[in-house]
Each structure stands twice: as C-alpha cells, then as structure tokens.
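Remember, it's 1-based here, ligands and their atoms both numbered in the order they're listed.
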Amino acid sequence: MKRIYLDHAATTPLDKEILEKMTPYFLADFGNADSPHAQGRAAMNAVDNARDLLAEKINAKPSEVYFTSGGTEADNWAMYCGAYAAKEKGRNQILVSAIEHHAVLASAERLKNEGFEIVYIPAAKNGKIEVKTLQSLLCERTGLVAVMSANNETGVLQPIEELCAAAKAAGSLFFTDGVQLAPYLPVDVKKSGVDMLSLSAHKFYGPKGCGALYIKGGVKMRGLIVGGEQERGLRGGTSNVPAIVGMAAAYAKNLQEQADAAEKLRGLRALFLQELAGEDGVEINGEEGLPALLNLRLKGIRNTDFVYSMDLKGVSLSAGSACASASIKPSHVLLAMGLSEEEARESVRFSFGKENTKEEILQAANVAKELISRLRGGNSL
Ligand SMILES: *Cc1c(COP(=O)(O)O)cnc(C)c1O
C-alpha cells in the first residue's frame, strides 16, 4: 500500500520541476560562485538571479536577502545578532513569544546565559500572541521582539503587522520566523514592516538545507557564520548554488499555486474533521489558521502511541514539532496555550499537502477512527 503522508509541516517532498532546475548546478555548472573564471561567474550569476527572484516575490530588495543553510540558521542569526545589535544601542531585553520554534527558543536560552534579559510573551488560549500582551511587556530596555508569523504545531496565524508596529513604536527591532507561513500565504516584508524574517526552502517543496534571512536595509547586523566574503561578507561558506536556485524557484512556483492549493487544503482539512466529527473526545487545539494544519486532542490516548500505530498502518504524521518529537516532553506550544501536560500528551498534528487526495484523507480518517477506539480499549472517557 502507498503510504499516506500527513506531515507537511515537518517537510515537503522536492518538486520534480524544481529538481530539474537544480540539476545543472550539481553537474555542468558546478563552479564555486566566488571563483574568478567563467564557471564561477555562471554560478554567481545563478545565485544573483535567485536572489533577485526571491527578493521580488517577498517585496524586498535583493540586497536585503541573505541565503543560509536553512530556517534554523536564519532563526539563530536573527536572534543572536539581532540581540547584539540591540545591545549596542543600550537595550538588553528580548521579548520572545512562548510558542516559538526551538531554533528561536534555544537561541534565546543561549542569550540568557550571555547576560541578556529574556522575557517570554504568553499566548492566549486560542494560540494567539495578542498585541495588548506585547504592549504590556515592552519597555525602554526592549531591544528585540520575536514572534513567529504562523505556528508550526497549531497553524495559528499571528497579527504580525500590529505586533511589529507596537515593537517599533517602543524603539525595538522586530523579527518574525516566517518559515511556516510562507508555504501557504504570501510574504510581504514591506507591508508587515518587519526588520527580519526567516524562510526555509523545504517547507514549500524546495530542497532541504537551504533558507534565507531577510534583513531590512539600514538594520546593522553582524554575521553569524564567519570565514568568507559570501553573502556580502555576512555569511561565510561556499554558496550552495543548486539549493539556492531551487529555493527561489520553489518559492516562486509555490506562490503562484498558493491560492488554489489553499482552497484544496482547506477542503481536505474540513473533510478529515468531518470524518472524525462523530468521535467522542476529539477537540481542536487553537483557532483555525493555516489551511494545511490541524492539531487535535484525542482524549485518553497517548500521542506517541497514536503516531506509532498510524505509522504501522501506513500513515505518517507527528505529535508536534519534528525537532521535539524525539523527546517525550509535552509540546511547549500547547502548554503555553493553557493545556495541561496530560492534554498536551494527547495531542497530534496532521499537516496536509497539495499532493494529498480526497481518497487518502478518507482512508487516513478511517484508520484514525479505528485506532482511536482500539487505543482507548473500550474505556469510557
Ligand atoms: C521547520 C521550521 C524551522 C526550521 O527550518 P529548517 O530549515 O528545518 O532548519 C524553523 N521554524 C519553523 C516555524 C519551522 O516550521
């Protein structure tokens, strides 16, 4: 039986058309983009074109786009160097939303050990970071605010424009992890006004190991990775030309298909929910946001047992963030939304993709229903 993949928030398959655009840069045009010869110039040209394309699509200038090894590196860079840029202005406090990806949270923890004051912005029960909550925390010490655009476990969308405006009014830098938003909604850095935004290619059918950080012109940032003059001296290391080409092409293609895909995904999500609607003790975590994401609490069932059993039946999904699923810790996102540890341990994430079919969704829902009753072992709730 063909496996059913419902874990698109963890990663998406590489689009074949994108692979074809990347292939020449592994083989014929393999040159180092910094080499002073024709093959080097061909590679550099490809990187320049990719930067122009990605910049245009997110409404940035090419000089504001920096390629990285992925979302994690971009998040680390924004947090780490953003914090030190703020410190130079005498601001030592960083406000970080409690529902961030571990790439951001772990950066904040490191900064705390280096003497920064880290304050976590609590989330509301529906998964939102509210503007009034941020406003109550902002002060003259705040140098950096980090709130993700859309959450990777619940799909809840954050009011980034308003949050950013509040941070800017208080004289702080504003960074948003846009990794999970970008596959489903257009990114417009001018409209949102953010100082920094991170992206990852493999979340929108591009290659793994490639990401980007947008840094608004005029924001003085140091680099995180030293050792070369690549990326205008801010990110050392031989440019990953095939992946950079693939990232920009994947972003452009995905953006073009986004509206239609969103409609389809919303339909699949609704169908899946409808199929499970008759089950007792199934609740949605967080308000509706990204069309592809659904976080469900299955009362009385351990999420690790459910994910394991679904896997045996040919359905791939995860309990939450892939980066955290190896640990047995309950999701920090769900805890921040007020769920108990037990409730968080009963929650699973389904994330749909454009290649999923109605038949797959019906089949996955049937397997889920069967497992829900089996795993509860006839126990009443
Ligand atoms: C996947 C993800 C990341 C990490 O991106 P990588 O390219 O896998 O390092 C960061 N933030 C969010 C919200 C993500 O979903």
Task: Gln180: numbered ligand 1 atoms lying under 4.0 Å from its heavy atoms - done: 14 (C), 15 (O)
Open item on the list: Tell me whether Gln256 at atom CD has more than 12 heavy atoms from other residues, nucleotides or ligands lying less than 6.0 Å away.
Closed with: no
Task: Glu88/Lys220 under salt bridge (Lys or Arg N to Asp or Glu O under 4.0 Å): CA gap, chis, key distance, verdict - done: CA-CA 10 Å; Glu88 276 167 26; Lys220 288 222 160 39; over 6 Å; no
Open item on the list: Taking distance alone, with N or O pairs closer than 3.5 Å, would you say Gly71 contacts ligand 1?
Closed with: yes
TODO: From atom 3 (C) of ligand 1, work out which of His102, Glu100, His101 has a heavy atom at the shortest distance.
DONE: His101
TODO: Give a yes or no on whether the ring-centroid distance for Phe116 and Tyr84 is below 6.0 angstrom.
DONE: yes
- [ ] Determine whether the side chain, the backbone, both or neither of Asp177 has a heavy atom under 4.0 Å from any heavy atom of ligand 1.
- [x] side chain
- [ ] Measure from atom 4 (C) of ligand 1 to every heavy atom in Thr72, Asn151, Asn152 and give the option owning the shortest one.
- [x] Thr72
Task: Pair Asn295-Val333, side-chain contact (heavy atoms from CB on, under 4.5 Å): steps then yes or no - done: CA-CA 11 Å; Asn295 196 302; Val333 175; over 6 Å; no
Task: Enumerated ligand 1 atoms positioned under 4.0 Å from heavy atoms of Lys203 - done: 1 (C), 2 (C), 3 (C), 14 (C), 15 (O)
Open item on the list: Applying a heavy-atom cut-off of 4.0 Å, say which part of Lys208 lies close to ligand 1: side chain, backbone, both or neither.
Closed with: neither
- [ ] Under 4.0 Å from a heavy atom of Ser200: give me the atoms of ligand 1 that qualify, with their elements.
- [x] 5 (O), 6 (P), 7 (O)
Task: Part of Glu73 with heavy atoms under 4.0 Å of ligand 1, whether side chain, backbone, both or neither - done: neither
Open item on the list: Against Tyr205, only a single residue in Lys253, Glu355, Lys354 fulfils side-chain hydrogen bond (donor to acceptor under 3.5 Å, both in side chains); can you say which?
Closed with: Glu355
Open item on the list: So if I count the atoms of ligand 1 from 1 in the order they appear, which ones are less than 4.0 Å from some heavy atom of Gly70?
Closed with: 7 (O)
TODO: Measure the spacing between OH of Tyr184 and OG of Ser351 and express it to the nearest 0.5 Å.
DONE: 6.0 Å
TODO: Report the part of Asp75 (side chain from C-beta onward, or backbone N, CA, C, O) that has a heavy atom under 4.0 Å from ligand 1; answer both or neither where that applies.
DONE: side chain
- [ ] Give the numbers and elements of all ligand 1 atoms closer than 4.0 Å to a heavy atom of His202.
- [x] 6 (P), 7 (O), 8 (O)
Open item on the list: Test: salt bridge (Lys or Arg N to Asp or Glu O under 4.0 Å). Region: residues 178-199. Which pairs qualify, not counting sequence neighbours?
Closed with: Glu64-Lys190, Glu161-Lys191, Lys168-Asp195, Asp195-Lys216
TODO: Determine, for Glu130 against Lys132, whether the closest basic-nitrogen to carboxylate-oxygen distance falls under 4.0 angstrom.
DONE: yes
- [ ] Enumerate the atoms of ligand 1 whose separation from the nearest heavy atom of Met148 is less than 4.0 angstrom.
- [x] 13 (C)
Open item on the list: As an exercise, state the distance from CG of Asp280 to NZ of Lys299, rounded to the nearest 0.5 Å.
Closed with: 9.0 Å
